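If you're wondering where the values come from, they're calculated on a predicted model, not measured in any experiment. Just so you know, ligand 1 is whichever comes first in the structure, and atom 1 is the first atom listed for that ligand.
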Amino acid sequence: MNARQPSPDTEARSTEASDRYLAVTHEVVNQPPALENYNLYLQDRALQEAVRREGADWAEAGLDRFGALCGTAESIELGFLANENKPVFHSHDRFGHRIDQVNFHPAYHQLMTRAFEQGLHSSPWTAPRAGAHVERAAKYYMHSQVEAAHCCPVTMTFAAIPSIRKQPELAAAWEGRILANSYDARNLPDADKGSVTIGMAMTEKQGGSDVRANSTRAWPVGQPGPGQAYELVGHKWFVSAPMCDAFLVLAQTESGLSCFLMPRWRPDGSKNPWQVQRLKNKMGNVANASSEVELRGALAWMVGEEGRGVPTIIEMVAMTRFDCMIGSAAGMRQAAAQALHHCRHRSAFGQRLSTQPLMQNVLADLALESEAALAYTMRVARALDNQHLEHERLLARLATPVGKYWICKRTPNHAYEAMECIGGSGVMEDCILPRLFRESPVNAIWEGSGNVQCLDTLRVLQRDPEALDAFFREASEARGANPHFDRFLAQLQNDFADTGELQYRARNLVDRLAVLMQGALLLRNAPAEVADAYCASRLQHNGGQNYGNLPRGINPKAIIQRATPVVD
Ligand SMILES: Cc1cc2nc3c(=O)[nH]c(=O)nc-3n(C[C@H](O)[C@H](O)[C@H](O)COP(=O)(O)OP(=O)(O)OC[C@H]3O[C@@H](n4cnc5c(N)ncnc54)[C@H](O)[C@@H]3O)c2cc1C
């Protein structure tokens, strides 16, 4: 040994001494690696199977690439930055000109750019084909796991197309720019932009669910009627993404509530008098700005028939409700992925959490809920791809309010339970769980809150009774595969025969339609351990109320293994 080199003994003594000197207190152990740099598509077997099953197998190479992009540490960081830096509203510039400008963190714009370049607002309209909605839903599902709030204007832009098409000359003027796969954040007249975003303004102070109570008035500038120019005077109590280039707005004419397309700027390049009063101070969804607005003679063009504003805008609302389902299913997937990943690495009382029976029951239950939500959502996506088929049209009509109600409503408790799996660190803001939790009630409340979805379900039953037949026909495909399912189906069909006090019973009926369909889809398509566990825990009652109530005789390990993203 070289005389100048310390002996191992001397080296150990000096390390010990320097540890004391530096007051090194401990080594960090028993913590998971960050769940990042993983492929959100390849690490999600349920998603891959759903994509193939529902008709978008042609899209897999692109989904694989996009899944890898969504999982990078850089992408995940964008979501954190966009939320840590809330949007800021400026009513005027420093010279006193009204500007109605909302400034966002660059991360928000990067996420928007990615969403629009990927066609999350356009692909089923620009390239309709079998599986187009399924492919878009899969991409949206992955992208909104990174950051959900900015998806609001993406959805509204996407969903506006069916409503705007009701006024062909307006569609001709706007559609090319709405469907362009690029994002232009500049606060400029739309005529100067190659791509635009669209928002919606329905809710007023006196009524959100009941928009018939809207007091905003529309006055014809010249000739009245569809496609004509009006000036709007009134207010809107919730307008999300106020930097959108144009909005679909509801306002009253002499013939009743009508729908209008209102740009932020007038054709002469002056600012339309659509004035943001302030931004909402939201508990969640903070990366997305939502505002209160006053309309002081804002120029707008009537879309669709006068007095038929609700049927016109409902085309948009139907699509936004579908996206609420995708978004909430995505929230549950990300929450489950975080919980499963954490427990795969974390030990307590000498054993990995994911191997301990009580935690296995909770984790498997969370994974089941997430997979069931995805299976339902992707089945609706296929129905949207096949609206020329009567069964699919009827199915989408009923399955949308049922699924919007159920999946969005299941999300908050799911997020909380996943947070608890992570323990105290799950409550901390440098973990994604607080964001998922705060985001979780939003989809349930906007675009028609829970009761409104139930009332819409009853409306379908009354106006389109064949939709219930289509729903049961679809569910019955799974008959004979599981005794719990067969009993549940028969009981539910029986209960629908009773038409007494339907409004009072609506939540119960809609809950059961949702779990029936989820059970049917899993029985037909998922591995037996998933389907059987779902039916045993959701289609019969064992007295338990919380997650972690899976009965004995199922295989939680297999469910956990299927759902866990493997990142070491
Ligand atoms: C973050 C956020 C962003 C939003 N962005 C927009 C936007 O961009 N544009 C827009 O137009 N709106 C927007 N909204 C508004 C949203 O759509 C409304 O809040 C929602 O429709 C409910 O309306 P409301 O708040 O007036 O509640 P209300 O209509 O008063 O409803 C209150 C409760 O009563 C229930 N209810 C209503 N009617 C019945 C009935 N007949 N029977 C039983 N129960 C009933 C509802 O389900 C709800 O639970 C946003 C809301 C939020 C939270």
Could you list which atoms of ligand 1 come closer than 4.0 Å to a heavy atom of [X]?
X      : value
Ser290 : 3 (C)
Met202 : 10 (C), 11 (O)
Glu447 : 17 (O)
Ser449 : 22 (C), 46 (C), 47 (O), 48 (C), 49 (O)

Step by step, work out the side-chain hydrogen bond (donor to acceptor under 3.5 Å, both in side chains) result for Asn214 and Thr216. CA-CA 6 Å; Asn214 273 192; Thr216 296; 5.8 Å; no

What residue and heavy atom of the protein are closest to [atom], and at what distance?
atom                    : answer
atom 2 (C) of ligand 1  : Trp446 CE3, 3.4 Å
atom 9 (N) of ligand 1  : Met200 O, 2.9 Å
atom 25 (O) of ligand 1 : Phe238 CE1, 4.6 Å
atom 20 (C) of ligand 1 : Ile445 O, 3.7 Å
atom 18 (C) of ligand 1 : Thr203 OG1, 4.0 Å

Grab the two heavy atoms, one from Ala475 and one from Met517, that are nearest each other, plus how far apart they are. N-CE, 4.2 Å

For Ala418 and Leu433, the nearest pair of non-hydrogen atoms, with its separation, is CB-CD1, 4.1 Å

Does the side chain of [X] come under 3.5 Å of the side chain of [Y] through a donor N or O and an acceptor N or O?
X      : Y      : value
Gln145 : Tyr141 : no
Gln277 : Glu292 : no
Tyr140 : Thr155 : yes

State whether Glu466 and Arg397 are salt-bridged, where the test is any N-O pair (Lys NZ or Arg NE/NH1/NH2 against Asp/Glu carboxylate O) under 4.0 Å. no

Do Asp245 side-chain atoms and Thr197 backbone N/O form a donor-acceptor pair below 3.5 Å? yes

Check for a donor-acceptor pair, side chain of Arg264 on one end and backbone N or O of Pro242 on the other, with a separation under 3.5 Å. yes

Return a yes/no value: protein heavy atom under 4.0 Å from [atom]?
atom                    : answer
atom 34 (O) of ligand 1 : no
atom 52 (C) of ligand 1 : yes
atom 30 (O) of ligand 1 : no

How does Lys282 reach ligand 1, by side chain, by backbone, by both or by neither, if only non-hydrogen atoms under 4.0 Å count? side chain

Option nearest atom 40 (C) of ligand 1 (shortest heavy-atom distance, choices Asn451, Leu455, Val317): Leu455

Could you pull out, from Gly207, Pro242, Ser240, Ser209, the option with a heavy atom nearest to atom 5 (N) of ligand 1? Ser240

Any N or O of Met156 closer than 3.5 Å to N or O of ligand 1: no

Within-cut-off N or O pair, Gly208 and ligand 1, under 3.5 Å: yes

Give the intermediate values and the outcome of ring pair (Phe, Tyr, Trp, His ring centres under 6.0 Å) for residues His150 and His143. CA-CA 10 Å; His150 81 285; His143 187 63; 4.7 Å; yes

Would you call the rings of Tyr416 and Phe437 parallel, tilted or perpendicular, where under 30° means parallel and over 60° means perpendicular? perpendicular

For Glu204, state whether at least one heavy atom is located under 4.0 Å from any atom of ligand 1. no

